[in-house]
Each structure stands twice: as C-alpha cells, then as structure tokens.
Engineer: 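Below is a structure I'd like to ask you about.
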Amino acid sequence: MDPSEYFILVLFIALGLFSIVAAVFNLDWYFKTSGAMTFVNWFGRGGARVFYALLGTGLIVCGVLGLIS
C-alpha cells in the first residue's frame, strides 16, 4: 500500500473522530456551517447530531478496515 493510501485512511479516521466529537458536544459553530445546516433543516438539530455521529462511525470503520486489509 502506498503512503498516500495510508494518509487517506488515517484522514478518514481523524475526520470520523472529529464528526463524533462535534455531535456529542453539540458544537454550535459546527452545526451553523452551511453544510451542516442542510441536515439541521432536514432532521432538526438532534437528528443532525445523530446523522453526524453515524457518519463519523462509518468513516472510522472504513478507515480501520482499510488499514487492516
């Protein structure tokens, strides 16, 4: 595996962790960005937090599976 592939997989894990932290701690600045506001408008603030926690979990799982395979 190339070093760039390792970098991408570690980046997936880091972004997943960041997404989970933002969802758990309900970071106001994060949920007021234009990208997050789309999901806040669709699902409400609580639903957007669940969405981003699940998204973060998915990113972490993909990153870890990529590293171990």
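Please read these numbers as outputs of a predicted model, since none were measured by experiment. When reading the values below, keep in mind they use all heavy atoms of this one structure, side chains included, and skip hydrogens, waters and symmetry mates.
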Engineer: Is there a path of hydrophobic side-chain contacts, each under 4.5 Å between heavy atoms, that joins Ile60 and Val50?
Structural biologist: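 They do not share one cluster, since no chain of ILVMFWY contacts under 4.5 Å joins Ile60 to Val50.
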Engineer: When rounded to the nearest 0.5 angstrom, what distance separates CG in Leu65 from CZ in Phe12?
Structural biologist: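 Rounded to the nearest 0.5 Å, the CG-CZ separation comes to 12.0 Å.
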Engineer: If you define the side chain from C-beta out and look only at heavy atoms, does anything of Trp42 sit under 4.5 Å from Thr38?
Structural biologist: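 Side chain of Trp42 against side chain of Thr38, heavy atoms only: contact under 4.5 Å found.
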Engineer: Would you compute the distance between atom CG of Leu54 and atom CZ of Arg49 and round it to the nearest 0.5 angstrom?
Structural biologist: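 So the CG of Leu54 and the CZ of Arg49 are separated by 12.5 Å.
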Engineer: Could I get the full list of side-chain contact (heavy atoms from CB on, under 4.5 Å) partners for Ala48, not counting sequence neighbours?
Structural biologist: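 Here the qualifying residues are Phe31, Phe39, Val40.
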Engineer: Leu9 and Met1: which non-hydrogen atoms are nearest, and at how many Å?
Structural biologist: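 Heavy atoms only, the tightest pair is CD1-SD, 3.9 Å.
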Engineer: May I ask whether Met37 and Leu55 are part of the same hydrophobic cluster, defined by side-chain heavy atoms of I, L, V, M, F, W, Y residues being less than 4.5 angstrom apart, directly or through others?
Structural biologist: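 Per the 4.5 Å side-chain linkage, Met37 and Leu55 are co-clustered.
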Engineer: Check whether any side-chain heavy atom of Arg45 lies under 4.5 Å from a side-chain heavy atom of Asp28, and answer yes or no.
Structural biologist: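 Side-chain contact under 4.5 Å: yes.
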Engineer: Looking only at heavy atoms, what is the nearest atom pair of Ala53 and Ala23, with distance?
Structural biologist: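 Closest heavy-atom pair between Ala53 and Ala23: N-CB, 3.9 Å.
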Engineer: Using ring centroids (six-membered ring only for Trp), state whether Tyr30 and Tyr52 fall under 6.0 Å.
Structural biologist: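 Centroid separation for Tyr52 and Tyr30: below 6.0 Å.
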Engineer: Side-chain contact, heavy-atom cut-off 4.5 Å: Leu59 with Ile13?
Structural biologist: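 They are not in side-chain contact.
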Engineer: Using modelled atom types only, decide if a donor and an acceptor are shared between the side chain of Ser19 and the backbone of Leu15 within a distance under 3.5 Å.
Structural biologist: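 No, Ser19 side chain to Leu15 backbone: no donor-acceptor pair under 3.5 Å.
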